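These notes are about the structure you will find just below.
Note that the coordinates shown come from a computational prediction; the quantities given were computed from them, not determined experimentally. Note: hydrogens, waters and symmetry copies are ignored here, and every other heavy atom, side chains too, is used. By convention in this document, chain letters (A, B, ...) are assigned in the order of the sequence lines, proteins followed by strands, and residues within each chain are numbered from 1.
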Amino acid sequence: MAVSRREFLKISTAGGVGIVAFGFDLAPAYAVVRELKIERTTETRSICPYCAVSCGVIIHTLGDKSKNVTGTTVVHVEGDPDHPVNRGTLCPKGITLKHDIVNNTRLTKPMYRASGSDHWEEKSWDWMIDTIAQRMKKTRDDTFIEKNAAGQTVNQCPGMAIVGGCTDNNEVNYLLVKWLRSLGVLYTDNQARL
Amino acid sequence: MTNNWVDIKNADVILVMGGNPAENHPCGFKWAIEAKKTRNAKLICVDPRFNRTAAVSDQFVQIRSGTDIAFLAGVMNYMLTNNRIHKEYVANYTNAPFLIKEGLLLPGDNDGLFSGFDPQKRAYDKSTWAYEMGTDNFVKVDMTLEDPRCVFQLMKKHYSRYTAEMVASICGCSKEDFLKAAEMISSTYAPEKAGTIMYALGWTHHSSAVQNIRAAASMQLLLGNVGRPGGGVNALRGHSNIQGATDMNQTHTLPGYLKMPKPEWQSLKEFIDATTPKKLRPNSMNYWENTDKFMVSMLKAFWGSAATTENDFAYSWLPKMDRDYSWVYIYDGAYNGIVKGVFSFGMNPVGNGPHSKKMVQALSRLDWLVVAENFETETASFWKAPKEYDPPAAAQIKTEVFMLPAANFAEKDGVFTNSSRWLQWKWKVVDPPGDAKADQEIIGRLVLKLRELYNKEGGKLPDPVVKMAWNYSNPVSPNLEEVAKEVNGKVLEDFTDEKTKVDYKKGQQVPGYAVLRADGKTLSGNWLHSGYYTEAGNLAMRRNPVDDSGGLGAYHNWAFNWPANRRIMYNRASADLNGKPWDPKRPGIWWNGEKWVGDVPDYKPDYKPEEMIGPFIMNPEGVGKLYAVEMNEGPFPEHYEPYETPVDNPLHPKVSSNPVTKLFKTKMDVYGTRDKFPIVCTTFRLTEHFHYWTKHEAILNQLQQEFFVEIPEELAKEKGIKHGDRVKVSSARGSVEGKAMVTKRIRPLKVAGQTVWQIGFPIHWGYAGKSVGPLANTLTPTALDPNSSTPEYKAFLVSLDKA
Amino acid sequence: MPSNMELRRISATPSPATGVRTAPTVAKMIDTTTCIGCKACEVACQEWNDLFNADIALEAPSEFGSYQTMPDLTANFWNLIRFNEHVEKRPDGSEKFHWLMAKDQCMHCEDPGCLKACPAPGAIVQYTNGVVDFQQEHCIGCEYCVTGCPFDIPRLSKKTKKVYKCTLCTDRLAYGLEPACIKACPTGCLQFGTKEHLVQIANARVEQLKHNGYEKAAIYDPPGVGGTGVIYVLGLGDQPELYGLPNDPHVPWTVSVWKHALKPIGSLLMIGALLGTIIHYVRYGRNEAPGMRKVDREEV
Amino acid sequence: MSQEVMTQSQLATLAREKEDLAVDGLIVRHTAAVRLTHWLVAIFFFLSLFTGFVIFTPFFAGWASVFGGGPMVRTLHPWFALGFTIAILYLYRYWKMKMKKEAGDEEWKDNFGPYIRYESELQNVGKYNAGQKIYFWAVFWGAIAFLASGIVMWFPTVFPYFLRTISYWLHEITFVAFVIGIIYHIYMSTTAMPGTFRAMTRGTVTKDWAKWHHPRWYREVTGEKK
């Protein structure tokens, strides 16, 4: 239809107004504070593994320990406010402990490198334990010294060295020392000396 | 640590030297800041670099790396000449009055050597150092401290050479700085004042490491600071359970610091007689006389029923130690083909070094290497190390490598012992990822498999392996609470304690090490920790946050503090002769008429003050040792240059470095000299990283992006180096490349009339992990401290050029 | 909405804010003289707010030549310790070396320049306890707040085109917890509490510093922005710029004039113009050419 | 073909190509290209205006949802403004020569009072009177100001601080001026001066309109002498 200029004007202005009317006024929703992420988590007390201040930490894990919640679900680590030494504070390493526990480069499979090989092979635990035990027995039997040159009983196994444990707890260190001394191992040490 | 972390807030003066707690123990360092804020305490930082501890300290003195003894000896000389020592404490609580035999020569009169040095054996014959014994078989003393051969006078003579000028010349600091620091440090000689020392690897990573600590201990004894709240000599240990691991397993000690048996001690009796010290003074408690009780209890714990009185409690099964088998010797043994296999639990030899290239060679000559780890470390993948570490071609490396995925701290429970000896239990949070297993299971499976193989095929001396006590309810993965009960100790047969007339039933947990017996009726894995899992349950689990010591920070009901929940060691020395605390506002223990109260007394509770029993109950002398015969390079600390030194020793140029430093003789063990390597270099750590571990975490790599070398501005200008340029630092053993961080925080040092430059770099990088960089220990020397065999990581010579 | 988080001011909203309850003004004290630059606060903030993103972290250029984590705040890094090696010329001619470390983050001003400049309704709010917070769902990404902020704090995220800054952990405050960075600070150089209580602590610390070689120690609580929710204790109190803090920060007068003068006058003028046309039309009607009157138009 | 036979459509096609010629009682004032450009400018202007209004004042905050929410407004506004600027440049290309200062302009300006009271009978008014010229140049320089300050506001962190504050002011002042200008522009071209609007829609004006409003232009086009 031939729109006269008057009609044209009416439509456009009406349209314009319409837009305004159509644009309903979205009153700004007021500030919503973020949900506290540790409100429902399970809290467990632990000790930071790094330096010897041994700060108390509270590790928050998702879920209420029901059976089907598996896998590392650590969501947050915070200082333990009751711990007399750190009183809730943590250093940068401690406050980011979640990244040490939940870490994509954590070793999850026993790996074996054959003699002369240039790559890792994945092996089962049983194979690993059997093979290591055989190696240890062979080395112990080959290098065991019952009596030294002067005829004194020494029961040494110099062919083997067992080192480590400063990031391990006391109980594991005790099992380690009991085991290595009963094997006759003298070459032993840990970070205490370094 | 002799005291504990929270106790540092009670100090009036805090000397931070040979350590950088602001960066490496930040949450512990809060207590030094607390002391500054609440007591207006003075914080003094003495270090080769102006580090983040210096940033908040009241005074910073820059010294050359490796000259700590000179500085401390200078402070002691300042104290002795100005009579700023705690007279009553020194006379009664140290071996100052002890007399020394004729014939002792001090380095001052013997051109840098004590008497009795044998150049061929590079060792001392210590006969001339012995105390002078009286007819009553006790050491003769002169309580007036006047006798020229008493320790006090010898000490005065020995330290007299460390004048302020000599210290400034050796350390490179200014005389004024040194005197200001000496005055501030020695201000705690007043009885009512207490000062503490915070130190770490800055002191122990030297070729006269133990003497560094001896000097510090002597200084604190002269100031009367040991055994008191706000006092003590506090070693800031590196790992969360390095103290626990030290207590449990050292190369040269069995659990609880029992000596390792030597070949010449064929029977248990010979071992007991040789290692049980004799009382040197009538008033010495000499607690080590209970060595037999602790040793037999440990043997019963190791071999259970197989250890009987007939077979000397299986003493013969213990290997006899005939030489040094410590860390660097392990890899020297591997290099020389003695060691065939290495089992590494959470350690990183290629990273820890020293001399990473030799480490790679050593591991390449092994038959097998087992690594139980959270991440794939440089050690696990040494066979594909980058070319700058000169690894043999993979085909030539015949070592079989078994990499076992292990659980980390949050995936197993157990006790961590912190630096102040608190045994704190931690609870398991989550399961290990994938097929990773807890360490106790790895050990359990191997123990059972080895036992099975020995039972089936026999072999050399199977008995100790087969008969090792492993009677846990779940032998594959022993429950750590059961192991804890074994470590604490339990009663094997009913008996009545002779002294206390208390009856103990079979199976009962031992209440403490005082109850352990030498007749095999008790067992205890580690006597020192005994008392943390008693009939009252696992005390390491206690979490009572109330400070019951009136604000001094003892927290007796929080976890368990070995020994016997005692929070400050040698605390008898916190009270004067008649049992009154030196400072009533900060009491350690005090005599209330019938017994000692306050902290758990490091003493028999009912010793009366008038009996004058010595406060240092573990020493045969019963008192603190200003003079220690046990040291290999001399009873007094003497300044010796690091093995790789830029200058001759200003005190005695002919004997420049420590004459008994342990060295190595393979063709890789080379040591740099100052002509090719003029610059002193040190390694240090950053607060944002933990050793070679946190480079596997991207969020921490974000805080410190890459390896860098700290270079003084003036040296950088001289060599035309700007911020960010790539520089190459080389020592006799290898070289590293990294970005230059040109800084004002390290100044040039005037040493013995010449300018000496110092540079340093952090250790936290390696070729494995999410942030890659050079291994700092490619440069460090295989020169060891003669007493502790700790390598000299902190002072060696390098050259610096643009890469 | 937890009670102490009611609103005192809302950006670009003519209607008054809803806050009628009175809450104590909370504040954070930063004692730069006991800050050891350990960066626990930097990662505590990232950890609590789940900001860390490995690939963005790698993009951030490393600030070289100092221990500073990165050259500047980013949308994923809300507080940054600035390191500065400074040699102080003492009055007695000697030189004293300082390694100044100061934590840089939103100052939560009493009279926030960002909120004043923000054109988006509800994008920036100030709670009754003084905390200034961004509401990203209302933010239109125009970065006016970057210009309005006297401390140059807000940062636009490339990914979401929204601005981000320290929120003083409003979610923790709402549940009665203290901000994550303050809880983590090992040496207690960060303290949290009501503003007046912290000012007392800061004053006491300044007095103590004056006797320990920091004669010019002072509190940094700039009046230009009506005082800030974050107050500093500065050892070298007369030179805040050494710590990366502006000497006399205040809401830029250009922003105030823009908001309080230009906008209203502009609106009046525009409405005036509209009225002008109506008045003119009523007064003078149409200016029709002679031939075009209605009678003429029939035949067109 | 003689002029009478021309149908409406032929007239429209004629008006598309050439200007300033009399065709059967009407005079072609604007070619199709000019008109199209003018309306492009107008459309982009109003789009920029409305999105700008949302950012300018909270009263129009409601309009944001018309354009898809606040952020979309902020994203679209610069692009609409860019369209506006480009269209302005085309308009500038068309009218640059015609908007030069002419003889009658001074006289027109002095006679501005009577003009708005519709009492002026000036004869020496060309195709565009002085007011239109001033308005053209104001719009042109306004567009330049918008562009300059707009770019700074689009990427504020790229520019130094003082430049940003100046740009916010400049943008605002230009915006107010533009709004005032557009109100009068629309008022005059639609209700105040009937017969004007068709110039921009159909491109032609009546002879009477031309003689009344732009006598000199009328004389030049039709060749009549007054």
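- Within a 6.0 Å radius of NE2 in C/H197, no more than 12 heavy atoms belonging to other residues, nucleotides or ligands are found.
- Of the atoms belonging to B/S771, not a single heavy atom falls under 4.5 Å from chain C.
- Using a 4.5 Å heavy-atom cutoff, the side chains of C/Q46 and B/I699 are in contact.
- With rounding to the nearest 0.5 Å, the separation of CD1 in C/I36 from CZ in B/F29 is 6.5 Å.
- For the pair C/H86 and B/K744, the minimum side-chain heavy-atom distance is 4.5 Å or more.
- Counted within 6.0 Å of NZ on C/K96, heavy atoms from surrounding residues, nucleotides or ligands total more than 12; the atom is thus considered enclosed.
- Contacts of C/E85 with chain B are made by both backbone and side-chain atoms, with heavy-atom separations under 4.5 Å.
- Of the two parts of B/N51, only the backbone, made up of N, CA, C and O, holds a non-hydrogen atom closer than 4.5 Å to a non-hydrogen atom of chain C.
- In terms of heavy-atom pairs under 4.5 angstrom with chain C, the leader among B/K770, B/E710, B/R747, B/K722 is B/E710.
- Residue B/F60: no heavy atom, backbone or side chain, is found under 4.5 Å from chain C.
- Between the side chains of B/Q702 and C/E42, no donor N or O sits under 3.5 Å from an acceptor N or O.
- Here the closest heavy-atom approach between residue B/A55 and residue C/W99 is recorded as CB-O, 3.9 Å.
- Contact check for B/L703 versus C/Y67: no side-chain heavy atoms found under the 4.5 Å cut-off.
- The 12-atom threshold is exceeded at NZ of B/K719, counting heavy atoms of other residues, nucleotides or ligands nearer than 6.0 Å.
- Within the cation-pi definition used here (under 6.0 Å to the ring centroid, within 45° of the axis), B/R745 does not qualify as a partner of C/F83.
- Heavy atoms only, all atoms of each residue included: C/Q208 and B/K36 are closest at NE2-O, 3.0 Å.
- For a residue to count as touching a neighbouring chain, one of its non-hydrogen atoms must lie under 4.5 Å from one of that chain's; by this rule C/T33 touches chain B with the backbone only.
- At a 4.5 Å heavy-atom cutoff, C/C185 makes no contact with chain B through either its backbone or its side chain.
- The candidate from C/H98, C/M101, C/K39, C/E47 with the greatest count of non-hydrogen atom pairs under 4.5 Å with chain B is C/K39.
- The SG atom of C/C38 lies 8.0 Å from the CZ atom of B/R52; values are rounded to the nearest 0.5 Å.
- Side-chain contact check for B/K42 versus C/N212: some heavy-atom pair is nearer than 4.5 Å.
- Highest contact tally toward chain B, considering only C/D31, C/V43, C/T32, C/L209, is held by C/V43 [criterion: heavy-atom pairs under 4.5 Å].
- Between chain B and the options C/G235, C/C189, C/A40, C/G37, the largest number of non-hydrogen pairs under 4.5 Å is found for C/G37.
- Using a 4.5 Å cut-off between heavy atoms, B/A740 touches chain C through its backbone atoms (N, CA, C, O) alone.
- For C/F97, the parts lying under 4.5 angstrom from a heavy atom of chain B are both the backbone and the side chain.
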